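Data block below; observations after.
So you know, we letter chains A, B, ... as the sequences are listed, proteins then strands, and number each from 1. As the structure is a computational prediction, the values presented were derived from the model and not from experiment.
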Protein chains: 2
Amino acid sequence: MNIGEASERSGLPSKTIRYYEDIGLIRPGRGGNGYRDYAASDVHKLRFLQRSRGLGFSVEECRQLLALYEDKSRASADVKGIAEAKLSEIDRKIRELTELRHTLEHLVHACHGNDRPDCPILEELSDTAT
Amino acid sequence: MNIGEASERSGLPSKTIRYYEDIGLIRPGRGGNGYRDYAASDVHKLRFLQRSRGLGFSVEECRQLLALYEDKSRASADVKGIAEAKLSEIDRKIRELTELRHTLEHLVHACHGNDRPDCPILEELSDTAT
DNA sequence: TATCAGCCTTCCAGCAACTGGAAGGTCAAC
DNA sequence: GTTGACCTTCCAGTTGCTGGAAGGCTGATA
């Protein structure tokens, strides 16, 4: 199939698919007219990429996952390791985001709706911002 | 203080601090020798930037947050509006990250992490449904 | 006073991970 | 035989930095 159909089936823009080829993630065949020709297995890989990118894996991590996926002798411990690292990264982000939420909530409550220039919370924030 | 100390205190690399100046986020003074001169308030802003950038806010969003943070004479309605918009944005991000966390956690727990070729993480990523 | 490390300066290049656009080839249909 | 929707390559731009070169300033030491 052509790139347009591969795009539709994988959920990835054609541009991105070509880019993934550029960086060696996939290697579709070529028709006599020079058009890229995608097999079902290519679409499968593209979907794999689409999902793992969406889960927050970097392209390089995706390359590893894809290699592990294709490798018959893959060790699931490797995959688990990558996923666990990602997990603690997500935890850290959630934690920090929650902290920022508190900070901002203070800010919102400090804005009482008049035009007074003084805001004691801003002063406090300048000391506690870490 | 010089950029090195501002860097140490804010947790941002000197390079990044100069970049933030390039794009107009901060405006430190200059000494007679041409060196940038950072006040304590500059360091506070830098830390604020460091934190909000680390949480996935774009530089443009940070610019807004910073305006809210430092502009004490702004009309309260505007301030509140920006802060509230950011708040719901933060909430959305926390929600999305939490979902992602659940998905990954499920996968990690389902994966035995031994050398057997079966790996639920890879199975899930390659699942053509969804 | 010279010199040397370790700061600081500017500018230019490149990274990830795309995205957009130009310029042109191909194909199916009317 | 000419649209118009595809496809191709290549080049440039995006965001938010990061690294390096080339050179100036500073403070301590010989």
Atom [atom1] of [X] and atom [atom2] of [Y]: how far apart are they, to the nearest 0.5 Å?
X       : Y       : atom1 : atom2 : answer
A/Tyr20 : A/Gln50 : OH    : CD    : 8.5 Å
B/Ser52 : B/Arg47 : OG    : CZ    : 13.0 Å
B/Tyr38 : B/Ile26 : OH    : CD1   : 4.5 Å
B/Glu61 : B/Glu89 : CD    : CD    : 4.5 Å
B/His44 : B/Leu66 : NE2   : CG    : 13.0 Å

Notebook entry, point to check: If only atom types and distance count, is the side chain of A/Asn2 paired as donor or acceptor with the main-chain N or O of A/Gly4 below 3.5 Å?
Noted result: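 Here the side-chain-to-backbone pair does not exist.
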- request: Please find the earliest and latest nucleotides of DNA chain C, in the 5' to 3' direction, that have an atom within less than 4.0 Å of any heavy atom of chain B.
  value: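 First-to-last contact on DNA chain C, by the 4.0 Å heavy-atom rule, is C/dC7 to C/dC11.
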Note down the inter-axis angle between the two ends of the helix from C/dT1-D/dA30 to C/dC30-D/dG1, five pairs each, to the nearest 10°.
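Answer rounded to 10°: the end axes differ by 30°.
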Do B/Leu49 and B/Met1 share a hydrophobic cluster, counting only Ile, Leu, Val, Met, Phe, Trp and Tyr and linking them when any side-chain heavy atoms are less than 4.5 Å apart?
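Shared cluster, yes.
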inquiry  = Please tell me whether B/Leu65 and B/Tyr19 are part of a single hydrophobic cluster in this structure, the criterion being side-chain heavy atoms less than 4.5 Å apart.
reply    = yes
Results of side chain to side chain contact (heavy atoms under 4.5 Å, CB included) for [X] - residues two or more places apart only:
X        : value
A/Ala85  : none
B/Arg101 : A/Leu87, A/Ile90, A/Asp91, A/Ile94, B/Glu105
A/Gln64  : A/Ile82
A/Arg63  : A/Ile23, A/Leu25, A/Glu60

Would you mind writing out the side-chain donor-acceptor pairs for residues 5-14 of chain B within the sub-3.5 Å range, not counting sequence neighbours?
residue : atom : partner : partner atom : Å
B/Glu5  : OE2  : B/Arg9  : NE           : 3.2
B/Glu5  : OE2  : B/Arg9  : NH2          : 2.4
B/Ser7  : OG   : B/Leu12 : O            : 2.7
B/Ser10 : OG   : B/Ala6  : O            : 2.8
B/Ser10 : OG   : B/Ser7  : O            : 3.4
B/Ser10 : OG   : B/Leu12 : N            : 3.2

Please list, pair by pair, any protein nitrogen or oxygen found under 3.5 Å from a nitrogen or oxygen in nucleotides 23-26 of chain D.
residue : atom : partner : partner atom : Å
D/dG24  : N2   : B/Tyr35 : OH           : 2.9
D/dT26  : OP1  : B/Asn33 : ND2          : 3.1

Ordered by number, residues from residues 13-20 of chain B within less than 4.0 Å of DNA chain D (heavy atoms) are B/Pro13, B/Lys15, B/Thr16, B/Tyr19, B/Tyr20
Here the residues of residues 3-11 of chain B within 4.0 Å heavy-atom distance, strictly under, of DNA chain D are none
Using the salt bridge (Lys or Arg N to Asp or Glu O under 4.0 Å) rule, collect all pairs that involve residues 32-43 of chain A, keeping only residues at least two apart or in two chains.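 Every salt bridge (Lys or Arg N to Asp or Glu O under 4.0 Å) pair that includes a residue of residues 32-43 of chain A, provided the two are not neighbours, is A/Glu21-A/Arg36.
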*Listed partners of B/Arg92 passing salt bridge (Lys or Arg N to Asp or Glu O under 4.0 Å), at least two apart*: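 Salt bridge (Lys or Arg N to Asp or Glu O under 4.0 Å) check on B/Arg92 returns B/Glu96.
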Query - Euclidean distance, atom CG of residue B/Asp22 to atom C1' of D/dG16 [Å, nearest integer] - result: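 Going from B/Asp22 (CG) to D/dG16 (C1'), I get 12 Å.
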Rounded to whole Å, CE of A/Met1 lies from P of D/dC6 at a distance of 16 Å
### Query
In terms of the nearest nucleotide of DNA chain C, which residue is placed more toward the 5' end: A/Val59 or B/Gly34?
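Result of the comparison: B/Gly34.
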